[in-house]
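Input: a single structure, listed below in structure tokens.
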Amino acid sequence: MARAARSAIAVEAGEPVEDPTALEHFLTARWGVHSSFRGRPLYLPHTHPRRPLHRARLLHCDETPVEAAGLRRPLGEPVSVLYSPGVPVRFGGPPRSPAGVAVPRPRPGGGLADGRGPAVSGEGSPLRPRP
């Protein structure tokens, strides 16, 4: 049975990050939204300028997505906390699947209906089965 996930997080923004590391950029960049529509996976690509980042201090963190995914909660304080005031985003339409390619549907409880395990997705690509 799926568990509900919720987050309530408060941070205090600090100094701007003038030159983000490749890891900081990778961890904060988002190039698409994964969701579902009528029971099928949906991916909407989007574009935006690089997010302005600030160092931040975690004031409060009450969240359950990790536990809802069936994983143990991390121990200790976070290694890094970053904040961004946001950026304008432009969404595109969903990419088309090549003709004749069946996209496996996720089954309740995780994994794919064909029994090959969990679905994975690459950055900027539609949801597709693991090889």
Side-chain angles (χ1 to χ4, degrees):
M1 180 171 177
R3 296 182 224 162
R6 60 178 170 69
S7 291
I9 299 171
V11 298
E12 178 180 63
E15 72 277 359
V17 177
E18 298 298 332
D19 190 22
T21 66
L23 179 60
E24 288 171 333
H25 174 67
F26 173 78
L27 293 173
T28 58
R30 297 292 174 257
W31 306 109
V33 173
H34 293 270
S35 189
S36 63
F37 180 71
R38 295 185 180 179
R40 299 211 45 166
L42 175 68
Y43 173 78
L44 295 175
H46 60 70
T47 60
H48 58 77
R50 184 174 276 218
R51 295 178 189 277
L53 298 175
H54 295 259
R55 302 273 171 229
R57 185 169 66 96
L58 183 63
L59 301 175
H60 171 78
C61 181
D62 178 19
E63 62 176 0
T64 63
V66 172
E67 292 94 339
L71 303 171
R72 280 189 257 156
R73 187 177 183 94
L75 300 175
E77 294 298 312
V79 174
S80 173
V81 179
L82 297 169
Y83 164 80
S84 176
V87 292
V89 176
R90 182 179 183 113
F91 285 89
R96 297 178 147 233
S97 295
V101 174
V103 177
R105 291 180 167 210
R107 64 177 179 207
L112 300 172
D114 64 4
R116 287 188 285 167
V120 297
S121 173
E123 184 75 23
S125 66
L127 189 65
R128 50 180 181 240
R130 182 186 308 170

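Computed from heavy atoms alone, side chains included, the values below leave out hydrogens, waters and symmetry copies. Position 1 is the first residue of the sequence, and the numbers go up from there.
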Compare all side-chain heavy atoms of [X] with those of [Y] and state whether any distance is below 4.5 angstrom.
X: Pro65; Y: Ser7; value: yes
X: Ser35; Y: Leu44; value: no
X: Arg6; Y: Asp62; value: yes
X: Glu18; Y: Pro16; value: yes

Which atom of [X] lies closest to which atom of [Y], heavy atoms considered:
X: Pro78; Y: Leu58; answer: CG-CD2, 3.8 Å
X: Pro95; Y: Pro45; answer: CD-CD, 4.1 Å
X: Val87; Y: Pro49; answer: CG1-O, 3.9 Å
X: Trp31; Y: Tyr43; answer: O-OH, 3.2 Å
X: Val66; Y: Pro74; answer: CG1-CD, 4.3 Å

The residue among Ser84, Pro20, Pro85 that forms side-chain contact (heavy atoms from CB on, under 4.5 Å) with Arg51 is Ser84

Does one hydrophobic cluster hold both Leu27 and Leu82, with members joined at side-chain heavy-atom distances below 4.5 Å?
no

I'd like to know if Val33 and Phe37 are part of one continuous hydrophobic network [Ile/Leu/Val/Met/Phe/Trp/Tyr, side-chain heavy atoms within less than 4.5 Å].
yes

Roughly how far, to the nearest 0.5 Å, is NE2 of His54 from CD of Glu15?
9.5 Å

From CZ (Phe91) to NE2 (His48), nearest 0.5 Å:
9.0 Å

Any salt bridge between Glu24 and Arg55, counting N to O under 4.0 Å?
yes

Hey, is the main chain of Glu63 close enough, under 3.5 Å, to the side chain of Arg73 for a donor-acceptor pair?
yes

